[in-house]
**Q** 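Okay, here's the structure, questions in a sec.
On a predicted model such as this, the values are computed, not experimentally measured, just so you know. In listed order, ligands and their atoms are each counted from 1.
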Amino acid sequence: MTEPNIIAIDGPAASGKSTLAIHLANWLDYLYFDTGIMYRTVTLAALRAGIDIENEAEITGLANRITIDVKSPTPGSGRTYDVTLDGLDVTDEIRTAAVDANVSPVSAYGGVRKAMTEKQRAIGSRGKVVMVGRDIGTVVFPEADLKLYLVASVEERARRRHQELLASGESPDYQKIAESMRKRDDIDSHRSIAPLKPADDAHIINTDHLSIEQVFEQVKALIR
Ligand code: DC
């Protein structure tokens, strides 16, 4: 395969998409773009504004009004990127449990998806990009040159998220994480617009028993 211009990586939460995407983007010197950030930022904006999460019309209006920016990380922060909402940093806040619990319903709204998909296409169509999400290979860039779809059991994914939170000094509850993941998987894969599913031409990789290095090697072999 010649070097793919757009690489789409989809799959459920904590299936290893972001880690793989960062490795690939560094290796190819491509832009890494995580589209989940956008849905998370809309959700945070709605929570901050006190909008009922079931109020589709208001949340859609908000999604069209706010400015979401993803920039190079603050030096020394250890982050992969900085995210701003209307100019103010929200990089850490979009990862809280409150956002986790509300992001799936927000991302199921057609108007929200339309607004975010347009922004994602504008960013990705410049090329040399590794874009991560749920619908990149099916809806955002169905013409992507390389599509990867990562899967892993909910137990393994919850274990990974639990480890990450422990490492960042929190005291997470494994059962709660697993339950929240099951709920998100269910909503993300059963929504009517752009549900989580592999594109027909996606390479499906089960990461349950693979280290990140092994996944990365598999994908490098595909590209070579
Ligand atoms: O990848 P993540 O966990 O940060 O994504 C947060 C939520 O955003 C996820 O539950 C579903 C939604 N999402 C989406 O619907 N489409 C995308 N392309 C990316 C994320």
Side-chain angles (χ1 to χ4, degrees), residues 6-22 31-47 53 56 59-60 62-63 66 68 70 79-81 83 85 90-125 129-142 144 147-152 154 156-158 160-162 164-165 172 177-199 202 207:
I6 298 179
I7 302 179
I9 308 184
D10 292 301
S15 53
K17 305 183 299 284
S18 300
T19 318
L20 171 65
I22 292 167
L31 173 73
Y32 157 63
F33 196 84
D34 173 4
T35 59
I37 286 172
M38 297 184 131
Y39 295 98
R40 286 177 176 274
T41 306
V42 175
T43 306
L44 178 67
L47 292 172
I53 289 299
E56 178 167 358
I59 294 184
T60 302
L62 184 73
I66 59 175
I68 304 169
V70 185
R79 293 172 174 171
T80 313
Y81 43 71
V83 186
L85 162 59
V90 292
T91 318
D92 296 323
E93 244 188 304
I94 60 169
R95 301 279 157 200
T96 55
V99 172
D100 272 358
N102 290 289
V103 66
S104 281
V106 168
S107 64
Y109 295 144
V112 172
R113 298 208 71 82
K114 186 168 177 290
M116 299 304 118
T117 299
E118 276 167 16
K119 290 181 203 230
Q120 291 157 19
R121 286 190 181 134
I123 293 163
S125 55
V129 64
V130 185
M131 198 168 273
V132 172
R134 300 290 188 288
D135 61 338
I136 311 304
T138 51
V139 174
V140 182
F141 284 111
K147 299 179 189 176
L148 305 168
Y149 189 87
L150 303 195
V151 291
V154 71
E156 173 60 17
R157 292 186 285 121
R160 290 176 190 163
R161 188 49 58 81
H162 186 250
E164 270 171 28
L165 292 171
I177 296 173
E179 187 46 36
S180 156
M181 246 172 213
R182 274 195 197 93
K183 265 197 198 139
R184 276 216 278 152
D185 285 356
D186 186 53
I187 303 177
D188 294 348
S189 27
H190 292 102
R191 66 185 177 217
S192 56
I193 308 162
L196 168 67
K197 65 170 184 191
T207 68

**Q** For residues Val70 and Phe33, report the shortest heavy-atom separation together with the two atoms involved.
**A** CG2-CE1, 3.8 Å

**Q** Which residue and atom name correspond to the protein heavy atom nearest atom 8 (O) of ligand 1, and how close is it?
**A** Tyr39 CB, 3.6 Å

**Q** Counting from 1, what ligand 1 atoms have a heavy atom of Ser104 closer than 4.0 Å?
**A**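 Heavy-atom distances to Ser104 below 4.0 Å select 10 (O).
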
**Q** Show your reasoning for whether side chain to side chain donor-acceptor pair (under 3.5 Å) applies to Thr19 and Arg160.
**A** CA-CA 12 Å; Thr19 318; Arg160 290 176 190 163; over 6 Å; no

**Q** Please list the nearest protein heavy atom to atom 11 (C) of ligand 1 with its residue and the distance rounded to 0.1 Å.
**A**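 I find the closest protein heavy atom is Asp188 OD2, 3.4 Å.
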
**Q** Decide side-chain contact (heavy atoms from CB on, under 4.5 Å) for Lys114 and Thr60; before the verdict, give the C-alpha distance in whole Å, the side-chain angles of both, and the deciding distance to 0.1 Å.
**A** CA-CA 9 Å; Lys114 186 168 177 290; Thr60 302; over 6 Å; no

**Q** Mind checking whether Gln120 has an N or O less than 3.5 Å away from an N or O of ligand 1?
**A** no

**Q** Taking non-hydrogen atoms only, is Arg40 closer than 4.0 angstrom to ligand 1 via side chain, backbone, both or neither?
**A** side chain

**Q** Is any side-chain heavy atom of Val42 less than 4.5 Å from a side-chain heavy atom of Ile68?
**A**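 With C-beta onward as the side chain, the pair touches.
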
**Q** Could you establish whether Arg161 and ligand 1 come within less than 4.0 Å of each other, counting only heavy atoms on the residue side?
**A** no

**Q** Quick test of your reading of the structure: of Arg184, Arg191, Arg113, whose heavy atom lies closest to atom 6 (C) of ligand 1?
**A**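 Heavy atom nearest to atom 6 (C) of ligand 1 belongs to Arg184.
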
**Q** With the side chain counted from C-beta on, respond yes when Arg113 and Arg191 share a heavy-atom pair under 4.5 Å apart, and no when they do not.
**A**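 Side chain of Arg113 against side chain of Arg191, heavy atoms only: contact under 4.5 Å found.
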
**Q** Under 4.0 Å from a heavy atom of Asp135: which atoms of ligand 1 are those, numbered in the order shown and with their elements?
**A**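 Near Asp135, meaning under 4.0 Å from one of its heavy atoms, ligand 1 has 16 (N), 17 (C), 18 (N).
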
**Q** May I ask you to list the atoms of ligand 1 that are less than 4.0 angstrom from any heavy atom of Ser107?
**A** 11 (C), 12 (C), 15 (O)

**Q** For Gly36, take its heavy atoms, then give the atoms of ligand 1 lying under 4.0 Å from any of them.
**A**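 So the answer, numbered in order with elements, is 4 (O), 5 (O), 19 (C), 20 (C).
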
**Q** Under the 3.5 angstrom rule, does the side chain of Asp10 hit a backbone N or O of Gly137 as a donor-acceptor pair?
**A**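 Flag set: sc Asp10 to bb Gly137 pair under 3.5 Å.
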
**Q** Heavy atom under 4.0 Å from ligand 1: found in Arg95's side chain, backbone, both, or neither?
**A** side chain

**Q** Considering heavy atoms of the protein only, find what lies nearest to atom 19 (C) of ligand 1 and give residue, atom and distance to 0.1 Å.
**A**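 Of the protein heavy atoms, Thr35 OG1, 3.4 Å lies nearest.
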
**Q** Test side-chain contact (heavy atoms from CB on, under 4.5 Å) on Met116 and Thr35; report intermediate values, then the result.
**A** CA-CA 8 Å; Met116 299 304 118; Thr35 59; over 6 Å; no

**Q** Give the residue, atom name and distance (to 0.1 Å) of the protein heavy atom nearest atom 1 (O) of ligand 1.
**A**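 Sorting protein heavy atoms by distance from atom 1 (O) of ligand 1 puts Arg134 NH1, 2.9 Å first.
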
**Q** Does any N or O in the side chain of Arg121 come within less than 3.5 Å of the main-chain N or O of Val140, such that one atom is a donor and the other an acceptor?
**A**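 Side chain of Arg121 to backbone of Val140: a pair is present.
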
**Q** Would a distance-only check, ignoring hydrogens and angles, find a side-chain to backbone donor-acceptor pair under 3.5 Å from Lys17 to Pro12?
**A**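 Such a contact is found between Lys17 side chain and Pro12 backbone.
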
